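Basis for what follows: all heavy atoms, side chains included, without hydrogens, waters or symmetry-related copies. Start at 1 with the first residue, then count along the sequence. The model shown is predicted, which means the values in this text are computed figures rather than measured ones.
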Amino acid sequence: MIVGFYYDIESGRKDLAARGHGRGHERFDIPVPRDGGIQDLLALAETGEPRFDAVICESIERVARRTYFGTLIEHRLEAAGVPLLAADEPVNFTGSRTRKATQVLTRRVKQGVAEWYVLEMLEKAWGGFEEHTIQGYNVGKPPYGYAADHVPHPVPARRSEGKVKIRLTPDPPCAPAVRKIFEWRTVERLSRRAIADRLNEDLDVNPPPCPPDPARAVGHWTQSNVRDVLTNPKYTGHMVWNRRARKTRGGKNNPIEDWVWSPQPTHPPLVSLDTFVQAQSVGELRERSRSEPGPNTAHPQTARTYALRSFLFCAICNRRMFGKNRRDTSFYVCAPKPGYIPENHPKSLWIKEAFLLDALHSFFAERVFGPDRRDALAAALPASDEADRHRHAEREKALCAARADLTQRRDRQFHVLELADDPDRRFVHGVQARVAELDERIRIKESEIVDLRRAAPARQDPALIDALPAGRCEVAALPDAMRRRMFEAFRLQIRYDKATNKAHCRVILCADTITATARTAEHAMHAAQTSAASFPICVVPPAGLEPAAKCLEGTCSIH
């Protein structure tokens with residue numbers, strides 16, 4: 001006689017502790033009554049006085065889709081004196097043994113086959129999504145800046161049913177906003193909030209994103225909208241899938257090595273891959289640093305600003321130095337908390353802002369905007385760069401020569417096979433094995449060449465500095481907003497070394513963003529001279545420059 005019904009409407013692949021807590025069954029009109037789930041069944045059986053003598057299931061693989069949890073449930077029921085039976089197995093209550101050896105073997109085989117079947121289906125589904133991604137088809141709602149381009153389904157049977165697949169094509173009203181976001185992030189290094197504020201200044205030009213559920217739309221840009229744009233690699237033209245674990249980890253981001261990328265671009269890119277990588281690195285440099293000029297509005301008692309806020313670092317501990325005021329004099333201080341003070345680091349070190357601004361003005365006037373800047377840069381480029389490039393070229397040359405030698409040796413095997421008059425099976429198999437071995441070695445060499453080229457040192461070219469305007473620019477006379485904008489565009493970093501009492505100033509120019517950097521420099525020069533608003537100027541970078549980072553460095557003595 002059946003005395004109870006226990007079942008779950010959940011995945012049989014879940015951990016046992018996670019099963020039996022769902023309430024999805026309440027949404028269905030199921031004629032079979034329900035007295036609980038697997039947790040209730042086990043709890044009642046282990047009380048010592050269950051109201052049933054045995055548990056019977058349709059088939060043993062329905063208990064769980066993982067062999068471990070299926071046998072665990074069976075073991076716990078048997079330990080409580082309750083046998084687990086299956087409707088498609090013989091049931092024997094005669095004698096002291098209710099299970100036979102063959103019955104146990106059959107049960108374990110069926111459980112293993114059930115787990116294999118689920119894993120095989122998952123692997124096939126994963127392979128389908130991988131191929132779908134490689135071919136450049138999009139999954140889900142197109143990202144902001146792109147529109148859906150419906151193309152006929154590649155499978156004739158699906159195509160005859162009217163099925164389509166989706167490729168990405170730039171959306172003219174929204175694509176320019178994506179380019180602005182990446183430019184502001186990589187050139188001016190703005191925070192996500194500052195970027196959202198700029199976009200909200202003109203929503204007609206920068207239409208805000210619309211979520212899949214229109215009811216959730218807020219009608220303006222938010223920090224999360226900007227973050228979604230900056231972290232989406234589809235803007236590089238590559239199709240990417242499996243960025244988030246939507247089923248297993250609540251939508252959290254997967255590790256980058258688990259992402260599935262199309263080998264080649266499959267749709268028009270909105271930004272270059274180098275720009276996308278640069279945008280990801282800005283967050284580490286901007287940690288706990290505001291983009292907005294002026295006093296910190298989060299602290300109403302703030303009365304002054306510091307020109308080098310977020311640009312000055314301690315050379316001893318690599319911490320960002322903070323501003324402090326003493327007797328109407330601005331200082332920058334590095335004072336680690338007790339217990340975090342590195343060796344040879346004083347309890348606190350101070351440097352006047354005026355000293356740094358004077359030296360920084362000389363650095364920009366001579367090394368960045370001065371007439372002899374190119375010669376100074378060429379002399380300052382590390383001599384080791386040329387040695388690194390030489391070693392890299394020699395390594396690549398050696399790998400290419402090794403690959404060519406292996407290719408010749410493989411081709412000679414084919415030639416030997418052609419010259420053989422009547423080769424026996426053993427001879428042919430030996431040649432095939434040798435060819436397979438050489439093919440594998442060639443594949444390894446090609447992989448090493450690809451990895452080496454990806455890690456190629458950036459080409460340092462002093463000619464990149466010629467794209468910048470030359471002239472006088474009073475850094476100290478710039479308005480705070482314009483000064484910060486220029487420092488961000490040049491990616492300024494100042495490292496103050498208390499031991500030598502020197503500040504090392506470093507700015508970075510990149511071929512991808514040189515036009516925007518030069519435009520910002522023109523605006524800064526104009527603002528310093530007229531204290532007026534900036535005006536548009538078109539600056540064309542020198543031709544033939546590769547999109548690799550170029551560095552300008554100089555050392556200014558602080559007394």
Side-chain angles (χ1 to χ4, degrees), residues 188-191 278 280-296 298-299 301-364 366-368 376-377 380-385 388 458 475-476 480 483-484 486-509 549 551-559:
E188 301 185 37
R189 299 197 173 186
L190 296 182
S191 66
Q278 292 174 25
Q280 310 316 304
S281 62
V282 171
E284 300 177 2
L285 298 174
R286 289 212 47 80
E287 184 180 4
R288 296 182 299 176
S289 178
R290 294 184 298 115
S291 296
E292 301 80 6
N296 188 358
H299 299 278
Q301 298 180 352
T302 302
R304 65 180 67 249
T305 62
Y306 297 91
L308 301 179
R309 170 177 56 83
S310 75
F311 301 110
L312 181 62
F313 296 82
C314 175
I316 303 177
C317 65
N318 294 322
R319 287 182 173 86
R320 184 184 291 115
M321 300 179 70
F322 60 90
K324 203 171 185 64
N325 186 265
R326 284 279 182 90
R327 299 185 183 90
D328 295 329
T329 302
S330 295
F331 292 85
Y332 292 96
V333 185
C334 181
K337 294 181 180 180
Y340 294 90
I341 302 177
E343 186 179 358
N344 301 325
H345 193 294
K347 186 176 180 180
S348 65
L349 59 88
W350 297 58
I351 179 67
K352 284 186 178 181
E353 182 181 71
F355 294 162
L356 292 170
L357 286 178
D358 291 342
L360 190 61
H361 169 69
S362 301
F363 173 71
F364 273 93
E366 298 172 7
R367 306 299 295 270
V368 180
L377 174 60
L381 288 178
S384 59
D385 286 352
D388 291 341
V475 175
D480 184 51
R483 181 168 51 216
R484 293 196 62 82
M486 188 181 74
F487 288 168
E488 293 282 9
F490 280 94
R491 305 183 188 182
L492 173 67
Q493 284 190 12
I494 308 174
R495 310 190 79 83
Y496 174 61
D497 189 352
K498 178 65 175 179
T500 60
N501 202 32
K502 290 184 178 181
H504 186 79
C505 306
R506 182 173 183 259
V507 298
I508 299 177
L509 300 180
C551 298
L552 314 176
E553 299 185 3
T555 301
C556 307
S557 180
I558 306 299
H559 301 286

Value rounded to 0.5 Å, distance of [atom1] in [X] from [atom2] in [Y]:
X	Y	atom1	atom2	answer
Leu356	Leu308	CG	CG	6.0 Å
His345	Glu343	NE2	CD	12.5 Å
Tyr340	Cys317	OH	SG	13.5 Å
Arg320	Phe313	CZ	CZ	4.5 Å
Arg506	Gln493	CZ	CD	6.0 Å

Quick one: does any side-chain atom of Asn325 pair with a main-chain N or O of Thr329 as donor and acceptor, under 3.5 Å?
yes
Between the side chain of Glu488 and the main-chain N/O of Leu190, is any donor-acceptor distance below 3.5 Å?
no
So which heavy atom on [X] is nearest to which on [Y], and how close?
X	Y	answer
Trp350	Ser348	NE1-OG, 3.4 Å
Arg484	Tyr306	NH1-O, 4.3 Å
Ala307	Leu357	CB-CD2, 4.1 Å
Ile494	Ala503	CG2-CB, 3.9 Å
Leu349	Met321	CD1-CE, 3.4 Å

Chi angles and distances behind the side-chain contact (heavy atoms from CB on, under 4.5 Å) call for Phe322, Leu312
CA-CA 8 Å; Phe322 60 90; Leu312 181 62; over 6 Å; no
List the steps and the verdict of side-chain contact (heavy atoms from CB on, under 4.5 Å) for Phe311 and Leu360.
CA-CA 12 Å; Phe311 301 110; Leu360 190 61; over 6 Å; no
May I ask you to check whether Phe490 and Phe364 place their ring centres under 6.0 Å from each other?
yes
